[in-house]
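Here's the structure we're looking at; comments come further down.
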Amino acid sequence: MARMKFLCDSDRCIECNACVTACKNEHEVPWGINRRRVVTLNDGKPGERSISMACMHCTDAPCAAVCPVNCFYTTADAVVLHDKDLCIGCGYCFYACPFGAPQYPKLGNFGSRGKMDKCTYCAGGPQADDTAVEYIQYGANRLAEGKLPICAEMCSTKALLAGDGQIIAAIYKERVTRRGYGSGAWGWRTAYQEDMPA
Amino acid sequence: MIRILALLLALCAAGPALAQTAAPPPFTDRGQLSASELEFRAALKGERISGRVSIPDQQAANLIQPEGLDWRGFHNRTLAWIAGIAVLGMGGLLALFFLVRGRIRIAGGWSGHTLQRFSLLERANHWMVATSFLILGLTGLNLTFGRHLLLPVIGPVAFTALTQAGKYAHNFLAFPFTLGIVVMLLLWARDNVPEKADLAWLKQAGGLMGHGHPGAGRFNAGQKTVFWLTVFGGGIVAASGYVLIFPFSVTDIGGQQLAYIVHGVLAALMFAAMLAHIYIGSVGMEGAFDAMGTGQVDYNWAKEHHDRWVEAQVTKARQTVTPRDAKAAGAD
Ligand code: HEM
Ligand code: SF4
Ligand code: SF4
């Protein structure tokens, strides 16, 4: 089975936010929630670079480890998903997640939060594949249709890569060799405890 | 003029050379760290890597926050151990104490007379604090341990329903709990000011081990400890709890994580301490429960545990019956 990962080649990302928009549109993500965002480091300074970030689908995922109702599961493709019928919106996964991936719709009293929402790697959720209920709760299930995440497919510069970790790492390494530089795979050390030399 | 000519000449000579120079050195060649190295150093320092985002949610500007991993360790290991040891340890100690010392009886037996110890307001407030505290504590501990203890027993659907209800209870009962703490402070602070006699009481461990009863006023040193623990501990637990209820309204992710740590540790320790308070107020000591039940305590119980308070009450009562300036009938 594949080990699905994301890799953002920040030497290519031009902060066009096409991935963010594609994601919001594909899954009808509600207002105020961003499953993916583009962060620009050193904005306006030498060494400025942009990185498109979403849930990294971590190995030994911290969100799953702290969830008080244990509602996470990892698919055979190593995609980290959760069951919204079990989630209580406590916010613990956001405290534990190194990438700020979990999001909560604001609901009712106080700061009370609705059920957590995050990137599904376009793999839906625990409902039956490609059903209406799955779409409403989690968005499209492209993986079940044999397609990769829409963000990476839409990327105008092909900076954002999605797919099996070994394959996308090989593509990235080839780019680095050819152009002679690269700043490495953002988040890989934190998410996969894997060092990815530039 | 000559200088300008020379400059033009130099420029012409440099022209082709300029066109041939390579593109500006890439990011990593400018002494910048690679992603992996940056993440490693940030993790060592516990620093976030953040930048700028063009969406309104400024929290999203944090690219990587390595403290999340520490927080995971706190929640799953540190807090679980502290709470587990505190609560189970206290339970064990109390059971042991009960086996060794048994129920502490009223040495002089029931006198049959009672005197008022707590007013209706005092009792109502105590029970408001106590019930909200217990439910807050149990629903909180369910977040720490329920996943391992309860979830396997009742299954995921029932466990989510219970935990969700517990979360609402935890959020709403925060308010009566806080109100009760404030009222308690107003009602009882005066009688809980530490005094010299408390040292003697503490030295004799309140007579818990031996058989003598050290003297005490309305509250003894043990009760004063419980009082100040409730007021200060409860105050800090409440304050940190409100930070958690209104996430990100006063602080950022680091502050939320810290508030959570303070809340969890202090709440667990308080819960354990209150088990001892519950024990001594119920099964642990004959005659003690009535103080918070009916509000009337047995005269002998009161004399044994709060001698100076009884004296003061008796003096006060005598004065009400025969005011100091009243003269005996027929005296004038
Ligand atoms: C009085 C005001 C209080 C407020 C505002 C408050 C609020 C909170 C909040 C918002 C949480 C996070 C979880 C969630 O959203 O459900 C929490 C967790 C917790 N609270 Fe409280 N709380 C209060 C009092 C207490 C008291 C008195 C206790 C114990 C006796 C307690 C014990 C706990 C525990 C053990 C946890 C969670 C530990 C874990 O997640 O593993 N709380 N509290
Ligand atoms: S990135 Fe965050 S939400 Fe995604 S798997 Fe890792 S810890 Fe969980
Ligand atoms: S918000 Fe939901 S998914 Fe996240 S830790 Fe809480 S219950 Fe689990």
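Quick note on labels: first sequence line is chain A, next is B, and so on, each numbered from 1. All values below were derived from every heavy atom in this structure, side-chain atoms included, with hydrogens, water molecules and symmetry-related copies excluded.
Counting all heavy atoms, side chain and backbone alike, Ala64(A) lies closest to Arg147(B) at O-NH1, 2.9 Å. When all heavy atoms are compared, the tightest approach of Gln164(B) to Cys87(A) is OE1-O, 4.0 Å. Nearest heavy-atom pair, Gln65(B) versus Cys97(A), reported as atom, atom and distance to 0.1 Å: NE2-O, 2.5 Å. Between Val66(A) and His75(B), the shortest heavy-atom distance links the atoms O-CE1, 3.6 Å. Between Pro68(A) and Phe159(B), the closest heavy-atom pair is O-CE2, 3.3 Å. Taking both residues in full, the closest heavy atoms of Val39(A) and Ala61(B) are given as CG1-O, 3.5 Å, listed atom of the first, atom of the second, then distance.
The contact between Ser50(B) and chain A is made entirely by backbone atoms, counting heavy-atom distances below 4.5 Å. Contacts of Phe40(B) with chain A are made by both backbone and side-chain atoms, with heavy-atom separations under 4.5 Å. Residue Cys71(A): no heavy atom, backbone or side chain, is found under 4.5 Å from chain B. With a 4.5 angstrom heavy-atom cutoff, Asp85(A) touches chain B only via backbone atoms. Proximity to chain A (any heavy atom under 4.5 Å) is shown, for Leu69(B), by both the backbone and the side chain. Interface residue Val38(A): only backbone heavy atoms are found under 4.5 Å from chain B. The contact between Asn62(B) and chain A is made entirely by backbone atoms, counting heavy-atom distances below 4.5 Å. Looking at Leu63(B), the atoms closer than 4.5 Å to chain A (heavy atoms on both sides) sit in the backbone and in the side chain alike. Only the side chain of Leu38(B) comes within less than 4.5 Å of a heavy atom of chain A; its backbone N, CA, C and O stay farther away. Contact of Ile64(B) with chain A is made through backbone and side chain together, with heavy-atom distances under 4.5 Å. Within the 4.5 angstrom heavy-atom criterion, no atom of Tyr104(A) approaches chain B. Using a 4.5 Å cut-off between heavy atoms, Asn70(A) touches chain B through backbone and side chain atoms alike.
Qualifying side chain to side chain contact (heavy atoms under 4.5 Å, CB included) partners for Leu81(A), counting only residues two or more places apart in sequence or in other chains: Tyr73(A), Thr75(A), Val79(A), Thr120(A), Ala123(A).
We find that Arg52(B) and Glu48(A) are not joined by a salt bridge, their nearest charged nitrogen and carboxylate oxygen being 4.0 Å or further apart.
Chosen from Ser50(A), Gly32(A), Pro62(A), Ala65(A), the residue pairing most often with chain B at heavy-atom distances under 4.5 Å is Ala65(A). Looking only at heavy-atom pairs under 4.5 Å with chain B, the residue among Asp60(A), Asp83(A), Asn17(A) that has the most is Asp60(A).
If you take OG1 on Thr160(B) and CG on Leu86(A), they are separated by 4.0 Å, rounding to the nearest 0.5 Å. Distance check: Ile51(A) CD1 to Ile49(B) CD1 gives 8.0 Å after rounding to the nearest 0.5 Å.
Among Ser34(B), Ser36(B), Pro66(B), the one residue that satisfies the side-chain contact (heavy atoms from CB on, under 4.5 Å) test with Arg189(A) is Ser36(B).
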Evaluate side chain to side chain contact (heavy atoms under 4.5 Å, CB included) for Glu15(A) paired with Ser54(B), printing each intermediate quantity in order.
CA-CA 9 Å; Glu15(A) 202 207 352; Ser54(B) 50; 4.1 Å; yes
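Aromatic ring pairs are classed by plane angle as parallel below 30°, tilted from 30° to 60° and perpendicular above 60°; the pair Tyr260(B) and Tyr95(A) is tilted.
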